Amino acid sequence: MKVLLSAYSCEPGRGSERGVGWNVAREVAKRHEVWVLTRPDESKDAIEAELARNPLPNLHFVYFTLPFWQDSMRWGQSGAMQIHYYLWQIQAYFVAKKLHREIGFDLAHHVTFVKYSSPSFLAFLPIPFIWGPVGGGETAPAPFWQDFSLRARLYEVGRDLVRKLGELDPFARLTAQNSTVVRATTTDTAARLRQMGAQDIQIVPEVGLLEDELWALRQYLLPTDAPVRFISMGRLLHWKGYHLGLRAFAKANLPHAEYWLVGDGPERQTLQAMAQALGIAHRVRFWGRLSREDTLEKLRECHVLVHPSLHDSGGWVCIEGMAAGRPVVCLDLGGPAVQVTAETGFKVAAQTPAQTVHTMAEAMTCLAQDPALRETMGAAGRTLVSENYGWRVVGERLDRLYQATVRPTPVKVS
């Protein structure tokens, strides 16, 4: 099968959007002939170096960018990049249309960005089109805004406004309506896509791990020594909910436990002051920003992953935590709600901050006092990830989706 992929962000050896673009392309190329539309300014050197080391004859990259705006990062990473992304999608249509006349693709698939509120113009090619996974439809529940600073509230208002404008974009709506299959990362995003006119929607997380990453994380045994350590990993942003984790840890009142936070960000001083005010500063450690290798070493030393994010499309750390055999305490929101099960951790209902903190504290207490439960949930997490979130498994499932999309089962007429 000849497959056209759109991967605005794509780079080997990286996580998040770049890793999604590269790993999807690589897995699809194991079974099909693949052409990938991407940019030269971000990752061309890394892609070409990787292909020189590990050739993939079926994988072809088509690099292009806007003639009047060669560097997508020139004016910053936020609004300017989003404008560049939108214009690049328009350009991608004309590049793809020309390629389709020459090659004759069987299928087009938009991979990155994983964003539901901006169009992919590949949907207008005369071939089946798969959109996503796309996410971003998640919102922090209104009762939790009371804990946000003015700056954080303005961020949330602005984010919601941008999404609503995107949903009204006629090209975004046509992308949803023209998609043969739409893959949404969460139920929240799926609901928004349905309102935009999408028909066939599947809920599929964007995350995946390489086989060597799965193998390495499987070697992480749960520590048997005291104290029991809880860990949160990620940027210290208001919507990550780490303030809820600190309050829950204080409420659990576990004198022989510790809470580690790995990462940095604008909320660090606020969180440190909160730990001091709650009387738990001597049992909370802020490690700052670490390399991926050092971050995973901290995970190795801990017993439980805490990820109280209020709107997270992905939740990569939950997959890493479960792959390492660590139970997860998360909120029943967004990507973590799709990934984590009752067998692998505690999904805490997020109705009000007080209720959430209380329930999280109960979960922390339960896990701190029950080593057997930590082992059972950890083992279930390893199994869940290996069966569902390895890139090899993702590739196999994509192949089945492609086959069903291009060659749908005929309806029997009696």
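For clarity, every value in this text was computed on a predicted model and none was experimentally measured. We number each residue from 1, following the sequence as shown.
Counting only distance, with no hydrogens or angles, the side chain of Arg229 and the backbone of Ala257 share no donor-acceptor pair below 3.5 Å. Looking at Arg218, its side chain never comes within 3.5 Å of a backbone N or O of Arg382 through a donor-acceptor pair. Between the side chain of Glu213 and the backbone N or O of Leu210 there is at least one donor-acceptor pair closer than 3.5 Å. A distance-only check finds no donor-acceptor pair linking the side chain of Thr186 to the backbone of Gly335 [under 3.5 Å]. For the pair Glu17 (side chain) and Val114 (backbone), a donor-acceptor distance under 3.5 Å is present. Trp391 places a side-chain N or O within donor-acceptor distance of the main-chain N or O of Gly208, the cut-off being under 3.5 Å. Of the possible polar contacts, one joining the Lys347 side chain to the Val340 backbone as a donor-acceptor pair under 3.5 Å is found. Between the side chain of His256 and the backbone N or O of Ala226, no donor-acceptor pair lies under 3.5 Å. Distance alone, capped at 3.5 Å, is enough to place a donor-acceptor pair between the Ser232 side chain and the Val306 backbone. In this structure a side-chain-to-backbone donor-acceptor pair under 3.5 Å is present from Arg192 to Gly137.
Looking only at atom types and distance, the side chain of Thr139 has a donor-acceptor partner in the side chain of Arg163 under 3.5 Å away. In this model, a donor atom of one side chain and an acceptor atom of the other lie less than 3.5 Å apart for His84 and Thr65. Looking at His32 and Asp399, their side chains do bring a donor and an acceptor atom within 3.5 Å of each other. For the 3.5 Å distance criterion, the side chains of Glu48 and Tyr63 qualify, holding a donor opposite an acceptor. Ser120 and Tyr93 share no side-chain donor-acceptor pair at under 3.5 Å. At a cut-off of 3.5 Å, with distance as the only test, a side-chain donor of Ser43 or Glu11 sits close to an acceptor on the other residue.
Under the 4.5 Å side-chain criterion, counting only non-hydrogen atoms from C-beta, Met360 is not in contact with Lys251. In this structure, Tyr86 and Pro119 have side chains that are in contact, with non-hydrogen atoms separated by less than 4.5 Å. Looking only at side-chain heavy atoms (C-beta outward), Thr185 and Val338 stay at 4.5 Å or farther from each other. Side-chain atoms of Leu299 and Met233, non-hydrogen and from C-beta on, do get closer than 4.5 Å to each other. At least one side-chain heavy atom of Ser118 sits less than 4.5 Å from a side-chain heavy atom of Tyr85. Side chains of Trp131 and Val181 form no contact here, defined as non-hydrogen atoms less than 4.5 Å apart. Within the 4.5 Å cutoff, side-chain heavy atoms of Trp239 are placed close to those of Ser309. Phe171 places none of its side-chain heavy atoms less than 4.5 Å from the side chain of Gln89.
For Gln199, the CD atom counts as loosely surrounded, since its 6.0 Å shell holds 12 or fewer non-hydrogen atoms of other residues, nucleotides or ligands. Arg153 CZ: more than 12 foreign heavy atoms inside a 6.0 Å radius.
Of the listed residues (His243, Glu156, Arg151), just one forms a side-chain hydrogen bond (donor to acceptor under 3.5 Å, both in side chains) with His238, and that residue is Glu156. With Thr189 as the partner, the side-chain hydrogen bond (donor to acceptor under 3.5 Å, both in side chains) test is satisfied by one option alone out of Glu138, Arg183, Lys115, Arg194: Glu138.
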- Check the pair Asn388 / Arg397 against side chain to side chain donor-acceptor pair (under 3.5 Å), numbers first and verdict last. CA-CA 10 Å; Asn388 294 279; Arg397 291 179 175 174; 3.0 Å; yes

- Item | Stepwise side-chain contact (heavy atoms from CB on, under 4.5 Å) test for Lys298 and Leu290 | CA-CA 10 Å; Lys298 297 303 179 189; Leu290 302 177; 3.8 Å; yes

- Message: Using the rule given for ring pair (Phe, Tyr, Trp, His ring centres under 6.0 Å), can you reason through Trp35 versus Phe105, listing the C-alpha separation, both sets of side-chain angles and the distance that settles it, and then say yes or no?
- Response: CA-CA 9 Å; Trp35 283 258; Phe105 296 111; 5.5 Å; yes

- Task: Just do the salt bridge (charged side-chain N to carboxylate O under 4.0 Å, His left out) check on Asp147 and Arg247 with the steps written out, would you?
- Result: CA-CA 12 Å; Asp147 294 327; Arg247 290 176 187 168; 3.2 Å; yes

- Message: Would Ile231 and Leu305 count as a side-chain contact (heavy atoms from CB on, under 4.5 Å) here? Give the steps.
- Response: CA-CA 5 Å; Ile231 187 170; Leu305 175 70; 4.2 Å; yes

- Passes side-chain contact (heavy atoms from CB on, under 4.5 Å), Leu217 versus Val385? Steps please. CA-CA 11 Å; Leu217 290 169; Val385 173; over 6 Å; no

- Message: Let's go through Leu398 and Val24 carefully: what are the C-alpha distance in whole Å and the side-chain angles of both, what is the deciding distance for side-chain contact (heavy atoms from CB on, under 4.5 Å) to 0.1 Å, and is it a yes or a no?
- Response: CA-CA 9 Å; Leu398 269 178; Val24 168; 3.8 Å; yes

- Message: Applying ring pair (Phe, Tyr, Trp, His ring centres under 6.0 Å) to Phe286 and Trp260, what does each step give before you reach the verdict?
- Response: CA-CA 6 Å; Phe286 290 84; Trp260 290 6; over 10 Å; no

- Task: Begin with the C-alpha distance, continue with both residues' side-chain angles, and end with the deciding distance and a verdict on salt bridge (charged side-chain N to carboxylate O under 4.0 Å, His left out) for Arg392 and Glu211.
- Result: CA-CA 7 Å; Arg392 178 183 57 79; Glu211 293 304 312; 3.8 Å; yes

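Taking both residues in full, the closest heavy atoms of Thr38 and Cys10 are given as OG1-CB, 3.8 Å, listed atom of the first, atom of the second, then distance. Shortest non-hydrogen contact noted between Pro205 and Pro133 is O-CG, 4.1 Å. The two residues Ala184 and Ile201 come nearest to each other via the heavy atoms CB-CG2, 4.2 Å. The heavy-atom pair separating Ser9 from Phe113 by the smallest distance is CB-CE2, 3.7 Å. Looking at every heavy atom in both residues, Ala368 comes nearest to Arg374 through O-NH1, 3.2 Å. Counting all heavy atoms, side chain and backbone alike, Asp188 lies closest to Gly334 at OD2-N, 4.1 Å.
Note that OG1 of Thr376 and CD of Glu343 are 11.0 Å apart. Values are rounded to the nearest 0.5 Å. Taking CG of Leu37 as the start and CG of Leu99 as the end, the distance is 6.5 Å to the nearest 0.5 Å. Separation of atoms CZ (Arg173) and OG1 (Thr175) is listed at 11.5 Å; rounding is to 0.5 Å.
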For residues 264-285, which side-chain N or O atoms pair as donor and acceptor with protein atoms under 3.5 Å away, sequence neighbours left out?
from	atom 1	to	atom 2	distance (Å)
Arg283	NH1	Leu254	O	2.7

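Between His307 and Tyr242, the two ring planes are perpendicular [angle over 60°; tilted spans 30° to 60°].
In terms of the salt bridge (charged side-chain N to carboxylate O under 4.0 Å, His left out) criterion, residue partners of Lys30 (sequence neighbours excluded) are, by chain and number, Glu27. With sequence neighbours left out, the salt bridge (charged side-chain N to carboxylate O under 4.0 Å, His left out) criterion links Lys164 to Asp160.
The side-chain tip of Arg300 points at the ring of Tyr220 from less than 6.0 angstrom away and within 45° of straight on. Geometrically, Arg39 engages Tyr8 in a cation-pi contact defined by less than 6.0 Å to the ring centre and at most 45° from the axis.
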